[in-house]
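Report on one structure; see the data block that follows.
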Amino acid sequence: MRSLKYYLNKAYKEKWAIGQFNFSDFSQVKGIVAAAKNLNSPIILGTSEGESKFVGLSEAVAIRNVLRKETGLPIFLNLDHGKSFEYLKTAVLAGYDMVHFDGSKLPIEENIEISKKVVNFAKNLPAGRQERIVVEGEVGRFSNDASRLYQEKFEIKEEDLTDPNEALRYLGKTSVDVLAVSVGTFHGIDISVVSPHIRLDRLKEIRQLAEKNKISILLVLHGGSGTPEEDIKESIKLGVVKININTEIRLAFTSNLRKSLDINANEITPYKYLQVPINSVQMAVEAKIKLFGSDNKA
Ligand code: 13P
């Protein structure tokens with residue numbers, strides 16, 4: 001099977017993006033993978049530290065392995081928002097294809113130091129593995145707290161956005177494979193308020209500075225849920241090759257599970273009442289795959 005690096009570079013050249021879809025339970029994986037299969041798309045399954053602790057690192061790897069084999073699809077696994085070198089190392093050794101070091105809340109020099117350590121660790125893996133592993137870094141600050149943003153009328157502070165010069169300096173020093181940038185989106189959605197717009201101007205500045213310095217820069221967009229479709233399409237044109245979706249999957253799964261349990265109040269067979277939430281996850285993921293243009297790219 002071709003590596004994740006191959007697909008990320010292909011996405012960059014052809015101007016589409018690969019979706020990272022987070023899960024914390026096998027039922028969600030069923031919906032996500034059914035969507036990928038239906039649309040013949042490469043996908044990344046994502047687990048945050050919390051999600052990975054609930055599922056189990058080795059269990060997540062086993063799920064990826066068996067679904068890769070069964071579907072023949074390029075299905076990859078990323079440890080999302082890892083906060084320490086040690087945890088990322090454990091994920092890589094368990095068999096993850098990709099790790100994201102989130103040092104965005106640290107002073108930049110500390111972020112650089114730990115990111116370098118992760119990249120060096122990946123480079124020193126045995127041959128056959130070192131060429132395939134992908135390291136994601138992050139510069140700029142993301143909010144996880146939709147309610148705080150709600151109180152602040154969803155104004156993302158200018159100082160939290162990725163500074164293009166800092167992004168380039170970080171890339172030069174760490175050599176991470178892909179870079180998550182803060183360009184106006186946030187984790188989570190609040191459907192009662194306006195969707196977060198992507199700061200395309202900032203994305204353009206990052207892109208232009210990279211081009212001026214002849215650095216190829218593969219960008220990652222976090223907080224993909226609830227983001228206007230036009231903004232997503234424009235961001236892909238500006239070099240975003242991976243887009244993370246979590247909240248929309250949680251929402252599709254949980255709200256439809258509630259409905260399903262209400263409608264079938266006497267049903268106690270999980271594989272019966274779980275079918276509706278699984279189908280809802282599949283529909284949500286199919287819509288994203290089409291939006292990102294990764295259909296028929298497997
Ligand atoms: P959302 O929850 O907004 O989709 O963001 C997901 C994410 O960025 C995971 O890293």
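Order of listing sets the numbers, starting from 1, for every ligand and every atom in it. Atoms considered below: every heavy atom in the structure, side chains included; atoms not considered: hydrogens, waters and symmetry mates.
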May I ask you to identify the nearest protein heavy atom to [atom], giving residue, atom name and distance to one decimal place in Å?
atom	value
atom 3 (O) of ligand 1	Gly188 N, 2.9 Å
atom 7 (C) of ligand 1	His187 CD2, 3.3 Å
atom 4 (O) of ligand 1	Ser225 OG, 2.5 Å
atom 2 (O) of ligand 1	Thr247 OG1, 2.5 Å

Part of His81 within contact of ligand 1 (heavy atoms, under 4.0 Å):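 Looking at His81 and ligand 1, just side chain atoms fall under 4.0 Å.
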
Within reach of ligand 1, part of Asp80 (heavy-atom separation under 4.0 Å):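 The part of Asp80 near ligand 1 is the side chain, not the backbone.
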
With nothing but distance in play, are any N or O atoms of [X] less than 3.5 Å from an N or O of ligand 1?
X	value
Gln20	no
Ile245	no
Asn246	yes

Plane angle bin for Tyr7 and Phe76 - parallel if under 30°, tilted between 30 and 60°, otherwise perpendicular: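 Ring orientation, 0 to 90° scale: tilted.
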
Aromatic plane relationship, Phe292 with Phe21 - under 30° parallel, 30 to 60° tilted, over 60° perpendicular: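 The arrangement is parallel - the two ring planes meet at less than 30°.
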
Cation-pi geometry met for Lys53 and Tyr87 (6.0 Å, 45°):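 Relative to the ring axis of Tyr87, which defines the angle, Lys53 lies inside both limits.
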
Between Gln20 and Lys242: side-chain donor-acceptor atoms closer than 3.5 Å: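 Yes, a side-chain donor-acceptor pair sits under 3.5 Å.
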
Heavy-atom nearest neighbour of atom 5 (O) of ligand 1 within options Ser48, Ala180, Gly223, Gly46: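 Nearest heavy atom to atom 5 (O) of ligand 1 lies in Gly223.
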
Working for side-chain hydrogen bond (donor to acceptor under 3.5 Å, both in side chains), residues Ser115 and Thr174: CA-CA 6 Å; Ser115 304; Thr174 63; 5.5 Å; no

Asn40 side-chain N/O to Asp295 backbone N/O, donor-acceptor pair under 3.5 Å: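 Between the backbone of Asp295 and the side chain of Asn40 there is no qualifying donor-acceptor contact (under 3.5 Å).
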
Chi angles and distances behind the salt bridge (charged side-chain N to carboxylate O under 4.0 Å, His left out) call for Lys233, Glu229: CA-CA 6 Å; Lys233 285 184 189 161; Glu229 295 196 352; 5.1 Å; no

